[in-house]
Every structure is written in C-alpha cells, then in structure tokens.
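Worksheet for the structure shown next.
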Amino acid sequence: MQNREWKYIKSRAVLWAALLFFVLGVAGVGIGLLPTPFSPAATVEAAMRRETLTIETQSGRQVFEIEVAESPDEKAKGLMFRAKIPDGTGMLFPYGAPQEITMWMKNTYASLDMVFIRGDGIVHRIETNTEPMSERVIASGGPVTAVLELAAGAAAKFGIKAGDRIIHKEFPAKPN
C-alpha cells in the first residue's frame, strides 16, 4: 500500500471515530446517561436548594428529598432534561401569592405527578402521569401558591390525595 493511500485511510478512520464519539456523547448526555457539569440539567440542579418536605396522608407521613426551584431560571428549567426522577424525590416550585399556575412538560423526559398546593399547605389537586415532552398546558384549577413535582405514580404509591397537608417552611404550621 502506498503512503498516500495509507494517509487517506487513516484520515477517514479518524473522522469516523470522531463522529461516533460525538454522537454517543451527545446521546448519552441528552438522555442523562453521561453526567456532565455542562449539561442543561446539571447547571441548574447544582445550584438549587435541597430540603425535605413531608406530606401527611390518611395512611401516615411521607418524607421527600426535594429541590426548591426559586429563581425564574430554576422554575423555567425545572426537571427538564432528566432521564429519571428517583423515588422519594421531587421539586417544589413556590410562587408566594395565590394564583392560577400553569405547567408543561416540554423537554421533560420523565413522566411526573404534579401536586398543586394552596397557601395553607393543603393539596388542591393532583395531575397524575403527565405526558413526557408534551407542550399541553396543565393548570392548577384554582389559586395555589406552589407546585410539587414527583415521579409519576408517587401519588398513588403513597396515597397522596386532594385535602392532604404539606409540611414545609413555605406553608404555615398546622393550626392547633
């Protein structure tokens, strides 16, 4: 084989290897298989405050490890670009004053249960098993001050229903 042919074959092999590396890297990061500090989810996720939140249901108390989406950027990103929402975790979106709140699932790979919470910490309603990647608007159906997003099926699994109480510093303590 002549030197010129060998250089051509080597350059083609390098191009194919680079293309394969790029495609696998983008796919892995995009679906959350390859964690990277530069991925869209990691950028916001790293800065969010982490706390615990308790839900009082008829069958008892359920404790969740949550992230709190406080800033407009954190709220806009939410749980987008995450391949999975682990059991017992979620994200709280506090809004302060009671208002109609709307959410959507754009760029959200995992199905969610959305728990709409009134200012007194009482669950107003729950939208279960939302459709991933959908731009359908999901409304609170009344004035609420926060939304808690959990992995799809969590409401059924833990018996969370409208009328249950959320215990977290965003809501006043239970009256005596």
Side-chain angles (χ1 to χ4, degrees), residues 19 22-51 53 55 57 62 64-164 166 168 170-171:
L19 180 61
F22 175 76
V23 169
L24 290 176
V26 168
V29 168
I31 61 172
L33 295 177
L34 298 175
T36 171
F38 305 110
S39 68
T43 305
V44 172
E45 182 181 350
M48 283 194 208
R49 185 177 61 170
R50 295 176 183 269
E51 299 177 347
L53 174 144
I55 304 177
T57 68
Q62 303 299 326
F64 293 87
E65 297 295 322
I66 62 162
E67 295 170 78
V68 181
E70 297 175 285
S71 74
D73 286 344
E74 290 172 342
K75 288 177 180 169
K77 194 75 77 176
L79 292 171
M80 289 180 173
F81 307 109
R82 301 202 193 174
K84 185 176 186 324
I85 311 305
D87 283 344
T89 68
M91 184 174 287
L92 182 67
F93 297 76
Y95 286 89
Q99 59 191 288
E100 177 76 20
I101 295 175
T102 58
M103 308 291 277
W104 67 353
M105 295 290 292
K106 182 177 181 179
N107 297 321
T108 306
Y109 303 145
S111 181
L112 303 172
D113 286 351
M114 293 183 184
V115 181
F116 294 93
I117 309 164
R118 297 189 327 225
D120 59 1
I122 301 298
V123 174
H124 174 68
R125 83 172 199 88
I126 303 169
E127 180 82 15
T128 59
N129 301 305
T130 58
E131 180 184 352
M133 305 298 285
S134 172
E135 293 186 19
R136 179 179 71 87
V137 174
I138 301 166
S140 60
V144 297
T145 60
V147 180
L148 174 64
E149 292 182 342
L150 304 169
K157 179 178 181 179
F158 297 111
I160 304 167
K161 296 183 169 66
D164 288 345
I166 306 295
H168 184 267
E170 291 290 334
F171 310 105

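Side-chain contact between L112 and I85 is present, with heavy atoms from C-beta onward closer than 4.5 Å. With contacts defined as side-chain heavy-atom distances shorter than 4.5 Å, the pair M80/R82 does not qualify. Two residues are said to be in side-chain contact when any heavy atoms from C-beta on lie closer than 4.5 Å; V68 and M91 fail this criterion. In this structure, the side chains of I122 and D164 stay at 4.5 Å or more apart for every pair of heavy atoms. Residues D87 and K157 meet the side-chain proximity criterion, which asks for heavy atoms closer than 4.5 Å. Within the 4.5 Å cutoff, the side chain of I138 has no heavy atoms near those of the W104 side chain. Side-chain contact between E170 and P94: present, with at least one pair of heavy atoms (C-beta onward) separated by less than 4.5 Å. By the 4.5 Å heavy-atom criterion applied to side chains, F171 and I117 are counted as neighbours.
Evaluation of the ring pair (Phe, Tyr, Trp, His ring centres under 6.0 Å) test over residues 141-163, restricted to residues two or more places apart or in two chains, returns F64-F158.
Minimum interatomic distance between A110 and K84 (heavy atoms only, all atoms of both residues): CB-CA, 4.4 Å. Shown here for E100 and G141, the closest heavy-atom pair between the two residues is OE2-N, 3.0 Å. T145 and G119 make their closest contact through OG1-CA, 3.3 Å (heavy atoms, listed as atom of the first residue, atom of the second, distance). Among all heavy-atom pairs drawn from I126 and A155, the shortest one is CG2-CB, 4.1 Å. Closest heavy-atom contact between T130 and S111: O-OG, 2.5 Å. What you find for T89 and L150 is that their closest heavy atoms are O-CD2, 3.6 Å.
At least one donor-acceptor pair closer than 3.5 Å links the side chain of R125 to the backbone N or O of S140. Between the side chain of R118 and the backbone N or O of P98 there is no donor-acceptor pair closer than 3.5 Å.
Rounding to the nearest 0.5 angstrom, the gap separating the CD atom in E67 from the CZ atom in R50 is 4.0 Å. Distance check, rounded to the nearest 0.5 Å: CG of L79 to CE of M103 gives 8.5 Å. Atom NZ of K161 and atom CD1 of I55 lie 12.5 Å apart (nearest 0.5 Å). For the atom pair CD1 (I101) and NE2 (H124), the distance works out to 10.5 Å, reported to the nearest 0.5 Å. To the nearest 0.5 angstrom, M133 atom CE is 7.5 Å from T108 atom OG1.
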TODO: Quick one: do M105 and E135 satisfy side-chain contact (heavy atoms from CB on, under 4.5 Å)? Show the steps, please.
DONE: CA-CA 6 Å; M105 295 290 292; E135 293 186 19; over 6 Å; no
Open item on the list: Go through it in stages, so that I can follow the logic: the residues are D113 and L148, the test is side-chain contact (heavy atoms from CB on, under 4.5 Å), and I'd like the CA-CA distance, side-chain angles, deciding distance and then a yes or no.
Closed with: CA-CA 8 Å; D113 286 351; L148 174 64; over 6 Å; no
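We find that R49 and E74 are not joined by a salt bridge, their nearest charged nitrogen and carboxylate oxygen being 4.0 Å or further apart.
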